Amino acid sequence: MEIQNSIKDKLLKALHSQAFYEKLGLAVIKILKDRTRGGRDIEGKSFGTYSKAYIKIRERHNLPTHPISMTFDDVSGMLTKIDHVVANDFSKVSVFINDKAKEQIAYYWNISGAGKKKMLRPFWGIQLQSELKKLSKLGYDTLKDIIKKL
């Protein structure tokens with residue numbers, strides 16, 4: 001009985017660990033950025049192609065014109081403002097865009113539609129089975145490592 005309580009206590013402690021949620025938050029951010037920069041939405045579908053007018057703008061700035069990556073630059077673009085915070089009680093991690101203007105841009109692409117044509121390019125979220133499996137494996141492996149150290 002005492003051994004089972006010890007294992008249970010270790011598991012609960014591992015689940016309420018800053019290290020666990022930090023890793024999970026960073027993994028979610030990496031998945032979001034990699035998929036989006038690769039030109040794919042939350043379902044894994046291509047974002048399509050840029051308009052001819054926007055291709056000209058991107059060419060003037062020596063930026064790639066394919067795939068649509070939801071980035072204009074990697075210094076101040078919307079994807080660079082994605083961040084995370086672990087709850088004080090270590091019960092969850094929240095991933096968010098840490099810039100009001102960039103958050104508004106994300107809202108247009110995900111919910112209301114951007115531009116005159118109200119284009120939707122949903123990128124915010126984790127929905128693909130392959131991404132969920134990655135996060136599950138990371139969570140499992142991280143918990144195992146934390147428990148081993150307890």
Side-chain angles (χ1 to χ4, degrees), residues 11-150:
L11 182 58
L12 287 174
K13 188 173 181 182
L15 282 170
H16 286 88
S17 155
Q18 173 107 16
F20 174 72
Y21 284 105
E22 284 289 338
K23 240 180 181 177
L24 199 56
L26 290 171
V28 167
I29 291 169
K30 180 167 178 23
I31 288 170
L32 282 169
K33 287 181 176 183
D34 287 351
R35 178 182 9 92
T36 304
R37 287 181 176 140
R40 296 181 321 278
D41 68 13
I42 60 172
E43 295 177 351
K45 297 176 186 169
S46 170
F47 285 134
T49 58
Y50 289 118
S51 69
K52 290 178 183 178
Y54 193 62
I55 286 174
K56 288 179 184 177
I57 292 170
R58 290 187 69 85
E59 285 172 342
R60 262 186 291 182
H61 289 88
N62 295 321
L63 296 168
T65 58
H66 186 78
I68 291 178
S69 62
M70 307 290 282
T71 59
F72 193 77
D73 66 55
D74 280 333
V75 177
S76 62
M78 175 180 64
L79 297 181
T80 66
K81 303 301 180 185
I82 298 175
D83 202 354
H84 72 288
V85 66
V86 177
N88 288 337
D89 64 356
F90 306 123
S91 63
K92 64 182 177 180
V93 62
S94 297
V95 176
F96 56 94
I97 297 176
N98 196 12
D99 179 296
K100 288 292 179 198
K102 306 302 183 193
E103 183 181 25
Q104 186 65 46
I105 292 168
Y107 174 81
Y108 292 140
W109 286 121
N110 281 285
I111 297 171
S112 71
K116 293 176 190 172
K117 294 182 180 179
K118 298 291 184 192
M119 292 292 299
L120 287 173
R121 292 196 175 113
F123 70 94
W124 193 257
I126 303 293
Q127 190 170 309
L128 294 172
Q129 279 301 108
S130 59
E131 294 170 348
L132 292 169
K133 280 183 182 179
K134 265 187 207 176
L135 291 173
S136 293
K137 181 171 176 9
L138 174 82
Y140 178 76
D141 291 346
T142 303
L143 282 175
K144 270 188 0 187
D145 290 345
I146 291 169
I147 290 170
K148 284 179 188 175
K149 293 175 186 174
L150 295 176

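The analysis underlying the following values was restricted to heavy atoms, covering all of them including side chains, and did not include hydrogens, waters or symmetry mates. Remember, predicted model here, so these are calculated numbers, not experimental data.
With rounding to the nearest 0.5 angstrom, the CD1 atom of Ile97 is 7.5 Å from the CG atom of Leu79. Taken to the nearest 0.5 Å, the CG atom of Leu63 stands 12.5 Å off from the CD1 atom of Ile55. Of the inter-residue distances, the one linking Ile29 atom CD1 with Asp83 atom CG reads 5.5 Å to the nearest 0.5 angstrom. Atom CD of residue Gln104 and atom OG of residue Ser112 lie 7.0 Å apart, to the nearest 0.5 angstrom. With rounding to the nearest 0.5 Å, the separation of CD1 in Ile82 from CG in Leu32 is 5.5 Å. Within the model, atoms CG of Leu138 and CZ of Phe20 stand 7.5 Å from one another, a figure rounded to the nearest 0.5 Å.
Across all non-hydrogen atoms, the minimal contact from Ile105 to Met78 is CG2-SD, 3.8 Å. Closest approach of Trp109 and Phe123 over heavy atoms only: CB-CE2, 4.3 Å. The minimum heavy-atom distance between Leu135 and Ala27, with the atom names listed, is CD2-CB, 3.7 Å. Taking every heavy atom of both residues into account, Gly39 and Pro67 meet most closely at CA-CB, 4.0 Å. The nearest pair of heavy atoms linking Gln127 to Leu132 is O-CD1, 3.8 Å. Taking both residues in full, the closest heavy atoms of Asp89 and Ser91 are given as OD1-OG, 2.6 Å, listed atom of the first, atom of the second, then distance.
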Show every donor-acceptor pair shorter than 3.5 Å between a side-chain atom in residues 41-53 and any protein atom, with sequence neighbours excluded, or say none if there are none.
residue: Asp41; atom: OD1; partner: Glu43; partner atom: N; Å: 2.8
residue: Asp41; atom: OD1; partner: Gly44; partner atom: N; Å: 3.0
residue: Asp41; atom: OD1; partner: Lys45; partner atom: N; Å: 2.9
residue: Glu43; atom: OE1; partner: Lys45; partner atom: NZ; Å: 2.9
residue: Ser46; atom: OG; partner: Gly48; partner atom: N; Å: 3.0
residue: Tyr50; atom: OH; partner: Ser69; partner atom: N; Å: 3.3
residue: Ser51; atom: OG; partner: Tyr54; partner atom: N; Å: 3.1

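For the pair Leu24/Thr142, no side-chain contact is recorded, criterion being any heavy-atom separation below 4.5 Å from C-beta on. Considering only heavy atoms from C-beta on, Trp124 stays 4.5 Å or farther from Ile111 through its side chain. Contact annotation: the side chain of Arg40 never approaches that of Leu128 to less than 4.5 Å [non-hydrogen atoms, C-beta and beyond].
The local environment of NZ in Lys33 is crowded, with over 12 non-hydrogen atoms from other residues, nucleotides or ligands closer than 6.0 Å.
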Open item on the list: What verdict does the side-chain contact (heavy atoms from CB on, under 4.5 Å) test give for Ile68 and Arg58, after you've listed the backbone C-alpha separation in whole Å, the side-chain angles of each residue and the deciding distance to 0.1 Å?
Closed with: CA-CA 11 Å; Ile68 291 178; Arg58 290 187 69 85; over 6 Å; no

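The salt bridge (Lys or Arg N to Asp or Glu O under 4.0 Å) pairs that include a residue from residues 92-108 are Lys100-Glu103, where partners are two or more places apart or lie in different chains.
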